[in-house]
Amino acid sequence: MQLTFLGKNTQGGGSPTLYASDQDSYVVQGWKVEGLPAAIEIPALLLRHLHPGVELDTELIPTGRRWRGDDGECETFYLSGTPLPDDVLKQLSVPDHEACFEVQRRRRDG
């Protein structure tokens with residue numbers, strides 16, 4: 001899987017990041033969620049790096065929390081996807097408190 005960096009949001013010890021893959025999907029890096037090993041948390045601002053007219057093909061569940069980063073303040077979401085194979089994870093620099101999932105793309109209606 002080849003990845004193309006699209007953007008990130010930074011704050012102190014966190015760096016949620018979005019990549020496009022060559023397999024018509026995105027790789028989303030976010031914070032691990034205690035008690036929910038199949039989910040990560042991301043700031044809504046990360047979604048602005050998606051390609052125009054495309055969204056993540058997964059449910060975005062509002063956390064009820066606000067996030068303040070270097071580029072603004074926004075709500076955060078939980079999301080899940082497919083865990084990455086080890087060879088793809090080796091391409092990334094993922095801190096211990098974060099995880100990555102592959103999420104398929106979906107055309108936005110309207």
Side-chain angles (χ1 to χ4, degrees):
M1 178 185 293
Q2 297 294 318
L3 300 178
T4 302
F5 172 81
L6 295 178
K8 70 187 320 181
N9 295 99
T10 59
Q11 172 211 33
S15 53
T17 307
L18 184 67
Y19 302 89
S21 83
D22 62 348
Q23 299 180 10
D24 203 31
S25 63
Y26 289 105
V27 170
V28 185
Q29 178 178 330
W31 304 292
K32 290 180 180 177
V33 180
E34 189 173 327
L36 297 173
I40 56 174
E41 182 178 355
I42 63 165
L45 284 173
L46 187 63
L47 301 174
R48 69 180 171 192
H49 301 295
L50 293 169
H51 293 111
V54 177
E55 61 190 8
L56 297 175
D57 192 11
T58 189
E59 184 178 7
L60 297 173
I61 302 167
T63 66
R65 287 193 291 274
R66 303 287 297 168
W67 175 84
R68 179 178 290 280
D70 295 345
D71 51 355
E73 182 178 331
C74 64
E75 64 183 320
T76 65
F77 296 102
Y78 295 134
L79 66 86
S80 62
T82 304
L84 296 178
D86 287 341
D87 64 319
V88 177
L89 277 174
K90 288 179 185 176
Q91 297 179 50
L92 306 171
S93 184
V94 181
D96 289 341
H97 65 279
E98 295 183 6
C100 295
F101 289 112
E102 179 181 15
V103 178
Q104 295 303 307
R105 299 177 190 192
R106 175 174 61 205
R107 282 253 166 248
R108 203 173 305 143
D109 294 332

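In this text, all values refer to a predicted model and were calculated from it rather than measured experimentally.
Using a 4.5 Å cut-off on side-chain heavy atoms (C-beta onward), L92 and L3 make contact. Between Q29 and S93 there is no side-chain heavy-atom pair separated by less than 4.5 Å.
Under the 4.5 Å side-chain heavy-atom criterion for grouping Ile, Leu, Val, Met, Phe, Trp and Tyr, L60 is connected to F101 within one hydrophobic cluster. Residues L45 and L18 fall into different hydrophobic clusters, defined by Ile, Leu, Val, Met, Phe, Trp and Tyr side chains chained together at heavy-atom separations under 4.5 Å. Residue L46 is grouped with residue I40 when hydrophobic side chains (ILVMFWY) are merged at heavy-atom distances under 4.5 angstrom, including chains of intermediate members. In the hydrophobic clustering of this structure, L6 groups with I42; members are Ile, Leu, Val, Met, Phe, Trp, Tyr whose side-chain heavy atoms approach within less than 4.5 Å, directly or through other members. Linking Ile, Leu, Val, Met, Phe, Trp and Tyr residues whenever their side-chain heavy atoms come within less than 4.5 Å leaves L89 and V28 in two separate clusters.
Listed by first and then second residue, the salt bridge (Lys or Arg N to Asp or Glu O under 4.0 Å) pairs that reach into residues 78-91 come to none, sequence neighbours excluded. Applying the salt bridge (Lys or Arg N to Asp or Glu O under 4.0 Å) test to every pair with at least one member in residues 26-42, sequence neighbours left out, gives these pairs: E41-R65. Identified under the salt bridge (Lys or Arg N to Asp or Glu O under 4.0 Å) test for residues 73-85, with sequence neighbours left out: R66-E73, R68-E73.
Taking every heavy atom of both residues into account, F77 and A44 meet most closely at CE1-CB, 3.5 Å. Shortest non-hydrogen contact noted between G53 and R107 is O-NH1, 3.2 Å. For the pair Q104 and S25, the tightest heavy-atom approach, listed with the atom from each and the gap, is NE2-CB, 3.6 Å. The minimum heavy-atom distance between V103 and D57, with the atom names listed, is CG1-N, 3.7 Å.
Without hydrogens or angle criteria, N9 side chain to P16 main chain gives no donor-acceptor distance under 3.5 Å.
Classified by interplanar angle (parallel below 30°, tilted 30° to 60°, perpendicular above 60°), the ring pair W67/W31 is tilted.
With rounding to the nearest 0.5 angstrom, the CG atom of L84 is 5.5 Å from the SG atom of C100. Within the model, atoms CG of L50 and CG of L56 stand 5.0 Å from one another, a figure rounded to the nearest 0.5 Å.
Judged as a side-chain contact (heavy atoms from CB on, under 4.5 Å), and not counting sequence neighbours, the contacts of S80 are T58. Shown here are the side-chain contact (heavy atoms from CB on, under 4.5 Å) partners of I61, two or more places apart in sequence or in another chain: E59, Y78. Remark: T82 engages no residue in a side chain to side chain donor-acceptor pair (under 3.5 Å) (not counting sequence neighbours). By the side-chain contact (heavy atoms from CB on, under 4.5 Å) test, P52 is found to be paired with no residue, residues two or more places apart in sequence or in another chain being considered. For the ring-ring contact (aromatic ring centres under 6.0 Å, His included) test, no residue two or more places apart in sequence or in another chain qualifies with H49. Under the side-chain contact (heavy atoms from CB on, under 4.5 Å) criterion, D22 pairs with M1, Q2, sequence neighbours left out. In this view, Y26 and H51 satisfy the ring-ring contact (aromatic ring centres under 6.0 Å, His included) rule, not counting sequence neighbours.
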